[in-house]
Amino acid sequence: MNVAPLGLVAAPLAGGVPAQRAQVSSGQLLTACRLAWENDGRLVALWASDERDLHRGFCLRVVLEDSDGLTLLEHTLRDDRSRYPDLTPIFPAANRMQRATYDLLGIAAESDDQRPWLWTQGHATHAFPLRRDFAPVAEMSDEQDEYAFVRVDGEGVHEIPVGPVHAGIIEPGHFRFQVVGEKVLRLEERLGYAHKGIEKRFESMMIDDGARLIGRVSGDSTVAYAWAFAGAVEAAASFVPPARARWIRALCLERERLANHLGDIGAIGNDAGFAFGLAQFSRLREDVLRRNQAAFGHRLMMDTVVPGGLSRELAFEHVHAMHDEADRLARQIVRLRGIYDEHAGVQDRFRNCGRAAPKLARSLGLMGLAGRASGQARDIRCDFPSAPYDLLDVRIATQTAGDVWARVAVRFDEALESARLIGIITTALLDPATMGPVHASGPDLPADRISLGYVEGWRGPVLVALEIGEGNVIRRCHPQDPSWCNWPVVEHAVIGNIVPDFPLINKSFNLSYSGQDL
Amino acid sequence: MYETLRQILRVGIRSEPPPTPAGDDVVVRRLHDDILRTLGRALALRHVDAGSCNACELESQALSNPYYNVEGLGIRYVASPRHADVLMVTGPVTKNMAGALRRTYEAMPEPRLVIAVGACASGCGVYGPDYATVGAVSEIVPVDVAIPGCPPSPVALLQGILAAVSASAAKPR
Ligand code: SF4
């Protein structure tokens, strides 16, 4: 984004994705957001840091993405009485980010919606966990206060509360439906049940411990988070990891995408009453995980990607095995896709169910795989390919129907594409040109530096913003999951659908709770 | 339909025999007997995510895939705590989930077993007590078996379930 017309001076930020950073006044913050929106840009993240110890008050940070890359806008608030402009008129997804920022730091937007989002002690006690002088209040009740859900009045309208404990094996969250008959008039999500103080834990952690923790922000995306974190550390040190490590990182990321897509396609089929799909795809997923265990020593590849490269070598026998496996998997996926496509019952449940039209998707900022199923053709691997993706020519998968069917179709396409990429990557890994170490230790990290890591995980873009303090210690780490932007769209996508279709619609988005609750 | 049946035939049965807990396969062979003797019927599990990172959930879900096929062992997940014999809990118990966890436990009929799934739930994971979390599951409800691992593999989960059932069968009643 060219910020010069706004009278701003932007400094470039190192890293895999082109990025810049600029200090803004509250007026400039709004104009920059508006400019980004008009140029097809989107909001990626919003968070804040307590910098009173550095005599800088509080710093609100906003990351925008447009076709030029990322722009980090920094807006300083002198104290907690100053407010920052409400960004929701431009980016509706900012709503929950702003509310969470208040819960964690006690600084507020000029907004009408000041309901708490995370249950921290903030609202009740004015003790805000991410303040540097935070002292936990000894006795904190584990019962939540009554939350002000928006209610619908009218004849025959009633309310259905669901969660936080669910019938299946899924993460905790609460859904409040306003229905008439079976039809959903309104859904309001209440998340935050998985809030475990992750950002506070990062404070004062050594980089290595941080690398372990980041891989457990959202367990299904451990590789994406680990790579984004490693990318941020490496960017701060202006250090490039060895080439072989980058190839294997891409291999891990594509295997993570493949495993999740396989699991989801089966589970979505099951939610549409097609147990055959679950049996078949969960078997394929298990094959991938077992190979991961053999090759990386962990079924989900946790702690494999680390700052500096990888935590372990990948033996050639596994490279060969993964190469053959990718081929076999692709053939099976194609065959099973034919069965899904021809199953009238499945197609009937999938089509027109849980629709998010492209226009809605654009205005709410739907991203990642769900965004691509609603016509938002964005994929970091294609838009800002960093090594080795610059050599891979990833084919983006898009649909415009925006329904369950489209989200399944994008998963099928992406699973096949990942299998194709695994084939190319494993071939490259056997080439003498890519031989070499998989880890190198970087230089010491310069203090008082902010850097970004940005990776297209299977669900969508994962951002890690890292501030490093003295002595290789993390001062602040903010991970941002694509679910922040996508959860509000689910509320819209279910309107007019019947309540029994909610599990199917929800699964077709498959958003993270832990990754957002932090 | 033809293609669906063909695929089923082509793939065949992939279920594996249940794992051996610590080399004691007599116990494995008695899995069914133990479940039946303890409870007089199939084993009903209830799962509560008390704030996990979701990886423990992924591995718990894997128990239902054709390889582990827990349903074939007479184990199934039920939709209500009132139908459950065993409560499986993941995560470091966030303060926001502590109440829901306690209420789920209280809704279960006796005899009830509790399994803490994974390092966090067992009190030795990357997440421990802090302003937002209580820590181990045993801080909130009594735990019969704790399964280590981050996340525990499906085999470790099966061994844990088996250990819980055997321990309860051995208890004088
Ligand atoms: S034990 Fe590991 S996998 Fe399980 S919830 Fe904790 S961090 Fe996640």
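Because the structure is predicted, anything quoted here is derived from the model rather than measured. Just so we're on the same page: letters track the sequence lines, and every chain starts at 1.
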**Q** Given heavy-atom pairs under 4.5 angstrom as the criterion, report whether the side chain, backbone, both or neither of A:R299 touches chain B.
**A**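 Contact with chain B: side chain only.
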**Q** Under 3.5 Å, is there a donor-acceptor pair between the A:E286 and B:N65 side chains?
**A**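 Short answer, yes.
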**Q** Heavy-atom cut-off 4.5 Å, strictly under: side chain, backbone, both or neither for B:P151 against chain A?
**A**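 Both parts, heavy atoms under 4.5 Å.
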**Q** Between A:P172, A:G197, A:G266, who has the most heavy-atom pairs with chain B when the cutoff is under 4.5 Å?
**A**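 Of the candidates given, the most pairs with chain B belong to A:P172.
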**Q** Counting heavy-atom pairs under 4.5 Å with chain A, which one of B:N54, B:L101, B:V48 comes out on top?
**A**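 Maximum pair count with chain A is reached by B:N54.
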**Q** Tell me yes or no: between the side chains of B:Y67 and A:D287, is some donor less than 3.5 Å from an acceptor?
**A**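 Yes, because at least one side-chain N or O of B:Y67 sits under 3.5 Å from a partner of the opposite role on A:D287.
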**Q** Using non-hydrogen atoms only, which part of B:C150 is less than 4.5 Å away from chain A: side chain, backbone, both, or neither?
**A**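 Contact with chain A involves both backbone and side-chain atoms of B:C150.
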**Q** Quick check for you: among B:C56, B:C120, B:P66, B:S80, which has the greatest number of heavy-atom pairs under 4.5 Å with chain A?
**A**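 Highest number of heavy-atom pairs under 4.5 Å: B:P66.
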**Q** Can you confirm whether the side chains of B:S52 and B:E57 place a donor and an acceptor under 3.5 Å from each other?
**A**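 Result is yes, a qualifying pair exists.
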**Q** Could you label the plane-to-plane angle of the A:Y340 and A:F274 rings as parallel, tilted or perpendicular, counting under 30° as parallel and over 60° as perpendicular?
**A**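 The arrangement is perpendicular - the two ring planes meet at more than 60°.
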**Q** Between A:H343, A:R212, A:H166, which shows the greatest number of heavy-atom pairs under 4.5 Å with chain B?
**A**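 The answer is A:H166.
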**Q** What pairs with A:H298 under ring pair (Phe, Tyr, Trp, His ring centres under 6.0 Å), at least two apart in sequence or on another chain?
**A**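 Listed in chain order: nothing, the list is empty.
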**Q** For A:E342, is it the side chain, the backbone, both, or neither that has a heavy atom closer than 4.5 Å to a heavy atom of chain B?
**A**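 Neither part.
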**Q** Can you find a side-chain donor-acceptor pair between A:H195 and B:Y131 that sits under 3.5 Å?
**A**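 Side-chain D/A pair, A:H195 to B:Y131: present.
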**Q** With a 4.5 angstrom heavy-atom cut-off, which part of A:Q332 approaches chain B: side chain, backbone, both or neither?
**A**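 For A:Q332, the side chain is the part near chain B, not the backbone.
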**Q** Just to verify, what does A:R132 make a side chain to side chain donor-acceptor pair (under 3.5 Å) with, not counting sequence neighbours?
**A**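 Per chain and number, A:R132 pairs via side chain to side chain donor-acceptor pair (under 3.5 Å) with no residue.
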**Q** I'd like to know if the side chain of B:N96 pairs up with that of B:T94 as donor and acceptor (distance under 3.5 Å, no hydrogens or angles considered).
**A**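 Distance-only check fails for B:N96 and B:T94.
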**Q** Please determine, by modelled atom types, if B:T133 and B:D130 share a side-chain donor-acceptor pair under 3.5 angstrom.
**A**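 Looking only at side-chain atoms, B:D130 and B:T133 do form a donor-acceptor pair, the distance falling under 3.5 Å.
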**Q** Under 6.0 Å from the six-membered ring centre of A:F509 and within 45° of its axis: does the NZ or CZ of A:R459 meet both?
**A**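 No, a cation-pi geometry is absent between A:R459 and A:F509.
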**Q** So what's closer than 4.5 Å to chain B heavy atoms on A:L289: side chain, backbone, both or neither?
**A**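 Contact with chain B: side chain only.
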**Q** Non-hydrogen atoms of chain A under 4.5 Å away: do they reach the side chain of B:V93, the backbone, both or neither?
**A**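 The answer is neither part of B:V93.
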**Q** Sort B:L45 into side chain, backbone, both or neither according to what part of it lies under 4.5 angstrom from a heavy atom of chain A.
**A**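 When you check distances to chain A, no heavy atom of B:L45 falls under 4.5 Å.
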**Q** Side chain, backbone, both or neither: which part of A:L213 has a non-hydrogen atom closer than 4.5 Å to chain B?
**A**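 Contact with chain B is through both the backbone and side chain of A:L213.
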**Q** So what's closer than 4.5 Å to chain B heavy atoms on A:I339: side chain, backbone, both or neither?
**A**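 Contact with chain B is through the side chain of A:I339 alone.
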**Q** At a 4.5 Å cut-off on heavy atoms, which part of B:S60 comes close to chain A: side chain, backbone, both, or neither?
**A**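 Contact with chain A is through both the backbone and side chain of B:S60.
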**Q** Which one, B:A55, B:G125, B:C53, B:A79, leads in non-hydrogen pairs under 4.5 Å with chain A?
**A**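 Option with the top pair count is B:C53.
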**Q** Report the option among A:D209, A:L278, A:I170, A:D517 that has the most heavy-atom pairs separated by less than 4.5 Å from atoms of chain B.
**A**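 Looking at each option in turn, the highest pair count goes to A:I170.
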**Q** With no hydrogens and no angle check, do the side chains of A:E171 and A:Y193 hold a donor and an acceptor under 3.5 Å apart?
**A**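 No, because no side-chain N or O of A:E171 sits under 3.5 Å from a partner of the opposite role on A:Y193.
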**Q** Let me know if B:Y77 has heavy atoms under 4.5 Å from chain A in its side chain, its backbone, both or neither.
**A**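 Side chain only.
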**Q** Does the side chain of A:R290 pick up a donor-acceptor pair with the side chain of A:Q293 at under 3.5 Å?
**A**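 A:R290 vs A:Q293: no donor-acceptor pair found between side chains.
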**Q** Checking A:R201 against chain B: side chain, backbone, both or neither under 4.5 Å from a heavy atom?
**A**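 Contact with chain B: side chain only.
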**Q** Contact part of B:V126 toward chain A, heavy-atom cut-off under 4.5 Å: side chain, backbone, both or neither?
**A**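 For B:V126, the contact with chain A is made by backbone and side chain together.
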